[in-house]
*Asks:* 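Have a look at the structure that comes next, please.
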Number of protein chains: 2
Amino acid sequence: MGRPPRLSRDAICDAAFALVVETGGADFTLRDLGNRLGVDATAVYRHFADKDDLLREVGDRSMAPVTRGFTITDDPAEDIRRLCSRLRSALIKSPVSLSIVAAGPTRRRNELLITEVVVGALRRMGLGNSRAVIAYHALIEYTLGSAWLDAPLAAKGARRSATYRAWRRDYASLDPDEFADTVAVADELYPSSDAVFQAGLNALITGLTRGQ
Amino acid sequence: MGRPPRLSRDAICDAAFALVVETGGADFTLRDLGNRLGVDATAVYRHFADKDDLLREVGDRSMAPVTRGFTITDDPAEDIRRLCSRLRSALIKSPVSLSIVAAGPTRRRNELLITEVVVGALRRMGLGNSRAVIAYHALIEYTLGSAWLDAPLAAKGARRSATYRAWRRDYASLDPDEFADTVAVADELYPSSDAVFQAGLNALITGLTRGQ
DNA sequence: ACCTGAACACCGTTCAAGT
DNA sequence: ACCTGAACACCGTTCAAGT
């Protein structure tokens, strides 16, 4: 009895997160994880209840860089912009985290820190609790949604612009009678996803906090 | 040789869509589908290349009600609101469609009809092609993101408000020094997801089309 | 031509056995 | 106490065989 542990929640979580970032994480497997750790796949069950338990930990870890070193300024709108942009980048790098947050808030430390910054900024802008909460949810929905839709394309890397070109060609060759407006803008579709995100984010912040 | 087909792409797609709507579709299985069709699971491969091919068809089918009977008015902003609300409802009912559209546009008929309506409305509001496209993408990202985050909760049905209550309690019991703003609004968190969606959608439309 | 059913290469997870 | 490895109940998919 008594054997020094070779594994720990932390070490497993580190390896899992690294694996997810390297491979894109679409097909994250406990067998691969065990392989990387030099351990049988099922050894993980000594430290986590199941795969979901592990992934929730990985999900929160992927959000650590969002608030690390984040400074609050006297421009709350700009704080929100910076924080949401950071959140989006972090999630795009770790797509597994996206499916985790979609299932519901993890309510773990790093996620809570994000909530605190955004809600705080909205309240400092003069919004009452009820309006602040609605604005908070709308901003988070938009940021997560943007990351979620962009993650598969970000994973494609260099092939991304080729993909866009192929899609534009499809839109351009539609029946110009039935799809007049789409055909008219076909060449402009799929602009920089950062530009789209910034435009939407600005519109949201302005619209949701107007009249304060 | 020559045997009358018992299956067809259409019949398979109908059954698959029904199965997805009934079960929530989180664990849609070809074996279940075969079972429902009274056919071996692998018979589907005579009509579809693979599961993804079938799901793309199901995804487009789930969007059929979005533009069916949709009338364009002389209030483009209102048209966008109505169409995005319809899209959100349709996707919440068929969560598999969400993972399909996340992988990239299907560019099938029903999806194209949605694009045409939204882009058309934005152009009629006076936006140039480049700005119309950016607004279109931001609106779609927001609508899909909202549906994606709401789908698991919608599937919970009656247990939804109990879930919200439990979450609010978690937020309320945080350390009030470190999470002052979150604790202050804890009771208001997780308002009606429809209210959040409408508020964000209005803010987006206003902010993205201002100055026309 | 269309469907069947065995088979393959995977999953997550359980549990008795080793150390 | 911790890890191993066989085993179970699943997947999607392939392919030869039946009709």
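Excluded from the calculations below are hydrogen atoms, water molecules and symmetry mates; all remaining heavy atoms, backbone and side chain alike, are included.
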*Asks:* Rounded to the nearest angstrom, tell me the gap between atom CG in A/Leu7 and atom P in C/dT19.
*Replies:*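 Distance, rounded to whole Å: 19 Å.
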
*Asks:* Measure CG/A/Asp32 against P/C/dG12 and give the value in whole Å, please.
*Replies:*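 That distance rounds to 9 Å.
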
*Asks:* Select from B/Gly38 and A/Asp27 the residue whose nearest nucleotide in DNA chain C is closer to the 5' end of that strand.
*Replies:*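 The residue closer to the strand's 5' end, by nearest nucleotide, is B/Gly38.
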
*Asks:* For A/Leu30 and D/dG5, what is the distance between atoms CG and C1' respectively, to the nearest whole Å?
*Replies:*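 Whole-Å distance recorded here is 16 Å.
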
*Asks:* Counting side-chain heavy atoms from C-beta on, which of C/dT14, D/dC3, D/dT13 comes nearest to A/Arg46?
*Replies:*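 Of the candidates, D/dC3 comes closest.
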
*Asks:* Requiring both pairing distances under 3.5 angstrom, list the stems that contain DNA chain C and are made of three or more consecutive Watson-Crick or G-U pairs.
*Replies:*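 Stem list for DNA chain C: C:4-8 with D:12-16, C:12-16 with D:4-8.
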
*Asks:* Tell me which pairs pass side chain to side chain donor-acceptor pair (under 3.5 Å) where either residue lies in residues 166-175 of chain B, with sequence neighbours left out.
*Replies:*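 Non-adjacent pairs meeting side chain to side chain donor-acceptor pair (under 3.5 Å): A/Arg107-B/Asp170.
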
*Asks:* How many whole angstroms separate atom CG of B/Asn35 from atom P of C/dT4?
*Replies:*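 That distance rounds to 12 Å.
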
*Asks:* Is the shortest side-chain N/O distance from A/His47 to OP1 or OP2 of D/dC2 below 4.0 Å?
*Replies:*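 Indeed not, no polar side-chain atom of A/His47 lies that close.
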
*Asks:* I need the OH-C1' distance between A/Tyr45 and D/dC2, as an integer number of Å.
*Replies:*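 Taking OH of A/Tyr45 and C1' of D/dC2, I get 17 Å after rounding.
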
*Asks:* Would you name the heavy atoms of A/Asn129 and A/Arg123 that are closest together and state the gap between them?
*Replies:*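 Heavy atoms of A/Asn129 and A/Arg123 come nearest at OD1-NE, 3.2 Å.
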
*Asks:* Between P on C/dC2 and CG on B/Leu37, what's the gap in Å once rounded to a whole number?
*Replies:*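 Checked: the CG to P distance equals 16 Å.
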
*Asks:* Taking A/Asp181 as the fixed residue, which of B/Val119, B/Thr115, B/Val118 is the one that meets the side-chain contact (heavy atoms from CB on, under 4.5 Å) rule?
*Replies:*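 Among B/Val119, B/Thr115, B/Val118, the one meeting side-chain contact (heavy atoms from CB on, under 4.5 Å) with A/Asp181 is B/Val119.
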
*Asks:* If you look at every strand shown and take non-hydrogen atoms under 4.0 Å, does B/Phe28 touch a base, only sugar-phosphate, or nothing?
*Replies:*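 B/Phe28: backbone/sugar contact only, no base atoms under 4.0 Å.
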
*Asks:* Which nucleotide, D/dC15, C/dC3, D/dT4, lies nearest any side-chain atom of B/Ala43?
*Replies:*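 When the side chain of B/Ala43 is considered, C/dC3 is the closest of D/dC15, C/dC3, D/dT4.
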
*Asks:* For D/dC11 and B/Thr29 - does any side-chain N or O of the residue sit under 4.0 Å from the phosphate oxygens OP1/OP2?
*Replies:*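 Yes, because at least one side-chain N or O of B/Thr29 sits under 4.0 Å from OP1 or OP2 of D/dC11.
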
*Asks:* Side-chain N or O of B/Arg31 less than 4.0 angstrom from OP1 or OP2 on C/dG5?
*Replies:*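 For B/Arg31, the contact criterion (side-chain N or O under 4.0 Å from OP1 or OP2 of C/dG5) is not met.
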
*Asks:* Rounded to whole angstroms, how far apart are CG on A/Asp50 and P on C/dT14?
*Replies:*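 Spelled out: CG on A/Asp50 to P on C/dT14 is 8 Å.
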
*Asks:* Under a 4.0 Å N-O cut-off, is there an ion pair linking A/Arg109 with B/Glu178?
*Replies:*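 A salt bridge is present here (some side-chain N lies under 4.0 Å from a carboxylate O).
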
*Asks:* Can you check the B/Phe48 CZ to D/dG12 P distance for me, whole Å?
*Replies:*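 My rounded result for the distance is 15 Å.
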
*Asks:* Walk me through it: do A/Thr143 and A/Ile140 pass the test side chain to side chain contact (heavy atoms under 4.5 Å, CB included)?
*Replies:* CA-CA 5 Å; A/Thr143 303; A/Ile140 294 296; 5.5 Å; no

*Asks:* As a test of understanding, state which of B/Ile100, B/Asp50, B/Thr106 forms a side-chain contact (heavy atoms from CB on, under 4.5 Å) with B/Leu55.
*Replies:*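 Among B/Ile100, B/Asp50, B/Thr106, the one meeting side-chain contact (heavy atoms from CB on, under 4.5 Å) with B/Leu55 is B/Ile100.
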
*Asks:* List the atom pairs, donor and acceptor, that lie under 3.5 Å between side-chain atoms in residues 23-31 of chain A and the rest of the protein, sequence neighbours left out.
*Replies:*
from: A/Thr23; atom 1: OG1; to: A/Leu19; atom 2: O; distance (Å): 2.8
from: A/Thr23; atom 1: OG1; to: A/Gly25; atom 2: N; distance (Å): 3.1

